[in-house]
Amino acid sequence: MAELVKVTVEDSTFSIERGTLLSELIPRLKLSQKPVLAKMNGEIVGLGRPLEEAMKVELIYPDSEEGLDILRHSASHLLAHAVLELFPGTKTGIGPPIENGFYYDFLRDKPFTPEDLSTIEKKMRELARKDIPIKKVIFSKKEALHLFKDLGQELKVELIEEKGEKEVTCFQQGDFVDFCLGPHLPSTGGIKHFKILSASGAYWRGDEKGKQLQRIYGTAFFLKQQLVDYLTLLEEAKKRDHRRLGPELDLFSFNEDLGGGLVLWHPKGATIRQVIEDYWREEHIKDDYEFVFAPHIAKLDVWRRSGHTEFYEAMYPPIQSEGLEYELKPMNCPFHIMVYNSRQRSYRDLPLRWGELGTVYRFERSGVLHGLLRVRGFTVDDAHIFCRADQLESETIGVIRLAMRLLAAFGFKDYDIFLSTRPEKYVGKVEDWDKATQALKHALEASRLDYQIDEGEGVFYGPKIDIKVKDVLRRSWQCTTIQLDFNLAERFDLNYVGEDGKLHRPFLIHRALLGSLERFFGILIEHFNGNFPVWLAPIQVIILPISERHDDYARALDKKFKEEGLRSRADLRREKIGYKIRDAETHKIPLILIVGDKEVDQGTASLRIHGLGDKGEIKVNEFLEKVRELDKNKSLDVNI
RNA sequence: GCCAGCAUAGCUCAGAUGGCCAGAGCGACUGAUUCGUAAUCAGUAGGUCGGGGGUUCGAAUCCCCCUGCUGGCUCCA
């Protein structure tokens, strides 16, 4: 007679025969999703594990972050295992799971070639097929050091010396041992759907002066479909890469002779920028902002006083002029502060909200430049708010609200929000930090927003809130940053006369909502895949006459639309209509009007919507009304 | 800046092992075609092979330096 044990899985308790396999029990749970792994007493096990005693079992599902981390961590070990088999003598560094995949760092004389990578991937598949058990092994620190010294793994020795406790946890699969806390899959056979993606250089412990390592990136999933979906996503992202679409749609370009990281906005890109800027100003005016303008250079002393020369690496070298040193501005703050300091301020004046689309120049190292997303000259949608302590919270709420209003207009409605608190090295008073951090917290809570706290991740001069938006491909982009600044307030001796007649230090909030126009534009291009909605499209409507005798009508429509404030064009080239349609479609013009005999007679136009095809005839006035509506409402939907 | 890779016509790309005047498609231009929902036909022009130096009888091709770009490291809007 078999003995019964009580097992609790996912809140259901069962009395089962001792030795029943977990996989036999699972069908009884009637789960909507199939689990891939389980956790028994903290140990990660496969579903084929027998249940030998009373216990609680947690199930891990294929899309859980925890499960993916375990899988990818094991995949990174598999990678290292394969590399050591193929290239004996390679030293292993670290190999963690990361968002969307994993990597492993290696120290080796020769970098890996693309051919090496496919050989490595093949070897990994071979090792996975062997289904080698992955076992946790505990050594004494002494044993572990001895072991890794014998293996010639000097980087591991360094890590164990530093991080190892009395007992050192390692994971072993076949001949391969790694210093690692785990957890890991029960065996290599669980790593089925993976791909090696790329190789690159990396520094040992991220230190530029440290050893140069070779990093290999890969990704892994539990289900084949997940891997396929991910690789498809990468393909899709590549297709809508703004560096490809930008020049293709004649939006912007770079020029080697001009210099890296310096953007040329072409007329079409500039049109979109104008629309964004106009909208930005309108919304700021609604929120009682005022605008300022400031020059692009200032005496170097300004930047000495602000601390930028000291703390900021991205400055360009100074410009000499008449024996004085001037500096290209990397930030707008000192100028706004000087406007503030141009006269005495009273508590009644506050808050002051001053915005500027300020173009700044930062020296970014050549290797970090990346399309519009990382450039050397860019325009911050900047503003500085000078306020009293009691206004801090309401001002922050206001900024958050404005940021979301702006971002939502572009279709960004999902956010990840981070609050970064006081780091180890900081300036200012702890009371001020606490007060300000509390104000930021309350502001987030009052706005009913979920947020994560990044403890100690604030900048040295103040706590901050960062908002990341998710685009249509679910990729995350940092746009909004709201930063308190205790440093500049102090350095430039900001003050106001309080109710008590004494001088007080105002709080300085530094904020950018879209981030920079260049970067935001790059994000937008990818988000929309170049298919800008009517309110943003550089050409909103194009009129295509069928033959020359319809040109006058097309011209008249074009003129009428322009007078109505629409961005319109007429294509009067002597081409067949199919050609002109194709041309308009490839230029991603949202609205296409085709006019021939019928339309001229009836005062109509035949409407075609980009991506949606032929929508039939429409009266010109009706069309105009609808387009104006789309434009005015900043509709993201092109259908009319 | 560092590691690896890339740079041929406006764009996308061919041009093994160095060797006849460097090719194609699209685009541009010229001409013909006056046409109904994603490419009409014919012709013409267009290239310091990213720039500089070197090796060689001879370099787009091999070597060095520079510039720019790509994937990362680091940093950040």
Side-chain angles (χ1 to χ4, degrees), chain A residues 103 105 108 110-114 116-117 197-217 238 241 243-244 247-248 250 253-262 312-314 330-332 358-360 362-382 459 466 477-481 483 510-520 522-523 544-551 574-587 592-599 606-611 613-617:
Chain A
Y103 69 81
D105 283 345
R108 185 171 178 249
K110 282 189 200 155
F112 297 104
T113 64
D116 290 341
L117 295 187
L197 295 172
S198 63
S200 80
Y203 298 102
W204 176 232
R205 309 180 142 207
D207 178 4
E208 283 187 37
K209 293 178 195 92
K211 294 188 183 75
Q212 177 75 50
L213 306 180
Q214 306 301 325
R215 176 171 296 179
I216 298 178
Y217 285 90
K238 211 170 169 183
D241 192 323
R243 292 168 301 185
R244 205 174 66 78
E248 206 170 285
D250 201 15
S253 66
F254 293 95
N255 186 306
E256 192 180 332
D257 295 330
L258 192 68
L262 300 170
Y312 206 70
E313 286 175 358
M331 288 189 173
N332 298 306
T359 304
V360 298
R362 299 187 189 167
F363 178 76
E364 300 292 352
R365 297 188 295 176
S366 55
V368 308
L369 299 176
H370 181 95
L372 291 176
L373 302 183
R374 192 119 197 105
V375 292
R376 286 181 173 154
F378 58 98
T379 306
V380 184
D381 68 315
D382 219 344
V459 212
D466 289 325
W477 306 96
Q478 158 137 25
C479 292
T480 303
T481 183
Q483 308 183 346
H510 172 104
R511 40 117 289 186
L513 307 183
L514 308 178
S516 91
L517 292 178
E518 285 74 5
R519 183 182 151 80
F520 190 71
I523 296 168
L544 314 180
I546 301 256
S547 88
E548 204 161 353
R549 65 176 179 279
H550 312 116
D551 280 4
R574 300 277 58 85
E575 298 289 351
K576 287 178 75 169
I577 197 67
Y579 179 91
K580 291 198 235 184
I581 288 170
R582 184 183 150 79
D583 201 50
E585 293 279 1
T586 52
H587 285 93
I592 299 165
L593 292 181
I594 293 149
V595 293
D597 290 336
K598 206 165 54 167
E599 289 79 7
S606 176
L607 173 66
R608 193 186 159 93
I609 298 178
H610 174 57
D614 191 358
K615 303 300 277 188
E617 254 182 283

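In what follows, chains carry the letters A, B, and so on, assigned in the order in which the sequence lines appear, proteins first and then strands, with residues in each chain numbered from 1.
Atom NZ of Lys598(A) is separated from atom P of C35(B) by 16 Å (rounded to the nearest Å). The separation between Asp551(A) atom CG and C35(B) atom P is 13 Å, rounded to whole Å. Summarising the geometry, the separation between NZ on Lys211(A) and C1' on C3(B) is reported as 16 Å, rounded to the nearest angstrom. In this structure, Phe254(A) atom CZ and U70(B) atom C1' are separated by 13 Å, rounded to whole Å. Spacing between atom CZ of Arg362(A) and atom P of C76(B) amounts to 10 Å, rounded to whole angstrom units. If you take OH of Tyr579(A) and P of G36(B), they are 17 Å apart, rounded to a whole angstrom. If you measure from atom NZ of Lys615(A) to atom P of A38(B), you get 15 Å, rounded to the nearest angstrom. To the nearest angstrom, P of C73(B) lies 18 Å from CZ of Arg205(A).
For the pair Arg574(A) and Asp551(A), the salt-bridge criterion is met [side-chain N within less than 4.0 Å of a carboxylate O]. Salt-bridge check for Arg243(A) with Asp241(A): passed, with a basic side-chain N closer than 4.0 Å to an acidic carboxylate O.
Taking 4.0 angstrom as the limit, Thr481(A) places none of its side-chain polar atoms (N or O) nearer than this to OP1 or OP2 of A77(B). An OP1 or OP2 oxygen of G71(B) is reached within less than 4.0 angstrom by a side-chain nitrogen or oxygen of His370(A). Close to G36(B), at under 4.0 Å from its OP1 or OP2, lies no side-chain N or O of Arg549(A).
The closest donor-acceptor contact from the side chain of Asp381(A) to the backbone of Gly515(A) lies under 3.5 Å. In this structure, Glu518(A) contributes its side chain and Thr379(A) its backbone to a donor-acceptor pair below 3.5 Å. Side-chain atoms of Arg376(A) never come within 3.5 Å of backbone atoms of Leu262(A) as a donor-acceptor pair (strictly under, hydrogens ignored). Looking only at distances, a side-chain donor or acceptor of Lys580(A) sits under 3.5 Å from a matching main-chain atom of Pro545(A).
The nucleotide whose nearest atom lies closest to any side-chain atom of Ile546(A) is, among C73(B), C35(B), C3(B), C35(B). Closest to the side chain of Ile581(A), out of A77(B), A38(B), C69(B), is A38(B). Comparing G36(B), G50(B), C73(B) by their closest approach to the side chain of Glu256(A) singles out G50(B). Ranking C69(B), U34(B), A77(B) by closeness to the Glu548(A) side chain, first place goes to U34(B). Nearest nucleotide to the side chain of Lys576(A), out of C73(B), G36(B), U40(B): U40(B). Nearest to the side chain of Arg215(A), among A77(B), G50(B), C73(B), sits C73(B). Nearest nucleotide to the Tyr217(A) side chain, out of G72(B), C76(B), U40(B): G72(B). Side-chain atoms of Val368(A) lie closest to G1(B) of the nucleotides G36(B), G1(B), C76(B). Comparing atom distances between the Ser547(A) side chain and each of A77(B), U34(B), G72(B) picks out U34(B) as nearest.
None of Asn332(A), Leu517(A), Leu513(A) except one satisfies the side chain to side chain contact (heavy atoms under 4.5 Å, CB included) rule with Val380(A); the exception is Asn332(A).
For A4(B), the base is not stacked against the aromatic ring of Phe112(A), per a cut-off of 5.5 Å between centres and 30° between planes.
At a cut-off of 3.5 angstrom, counting only N and O atoms as typed in the model, there is no donor on one side facing an acceptor on the other between the side-chain of Glu585(A) and the base of A39(B). Contact of Arg519(A) with A77(B) (side chain to base): no donor-acceptor pair of N or O atoms is detected under 3.5 Å. No N or O donor and acceptor, one from the side chain of Gln214(A) and one from the base of G72(B), sit under 3.5 Å apart. Judged by distance alone with a 3.5 Å cut-off, a donor-acceptor contact links the side chain of Tyr203(A) to the base of G1(B). Arg511(A) contributes no side-chain N or O that forms a donor-acceptor pair with the base of A77(B) under 3.5 Å. Taking 3.5 Å as the limit, the base of C76(B) and the side chain of Arg374(A) contain a donor-acceptor pair of atoms between them. Checked by distance alone, Glu208(A) brings no side-chain donor or acceptor within 3.5 Å of a matching partner on the base of U74(B).
Residue contacts for Gly515(A): at a heavy-atom cut-off of 4.0 Å it reaches the sugar-phosphate backbone alone, with no base atom in range. Residue contacts for Gly371(A): at a heavy-atom cut-off of 4.0 Å it reaches the sugar-phosphate backbone alone, with no base atom in range. Within 4.0 Å (heavy atoms only), Val375(A) reaches at least one base atom of the nucleic acid. Nucleic acid contact for Arg574(A): base, since at least one base atom lies under 4.0 Å from a heavy atom of the residue. Residue Asn255(A) is out of contact with every strand shown, counting any heavy-atom pair closer than 4.0 Å. Within 4.0 Å of Glu599(A), counting heavy atoms only, lies at least one base atom of the nucleic acid.
Mapping His610(A) and Pro111(A) onto RNA chain B via the closest heavy atom, the residue that lands nearer the 5' end is Pro111(A). Checking Leu373(A) against Gly596(A), the closest nucleotide of RNA chain B that is more toward the 5' end is the one next to Gly596(A).
Using Watson-Crick or G-U wobble geometry with both donor-acceptor distances under 3.5 Å, C69(B) finds its partner in G5(B). Within the shown strands, G23(B) is the pairing partner of C13(B) under the Watson-Crick or G-U definition, both distances less than 3.5 Å.
The separation of G25(B) from A42(B), taken at their P atoms, amounts to 11 Å, rounded to a whole angstrom.
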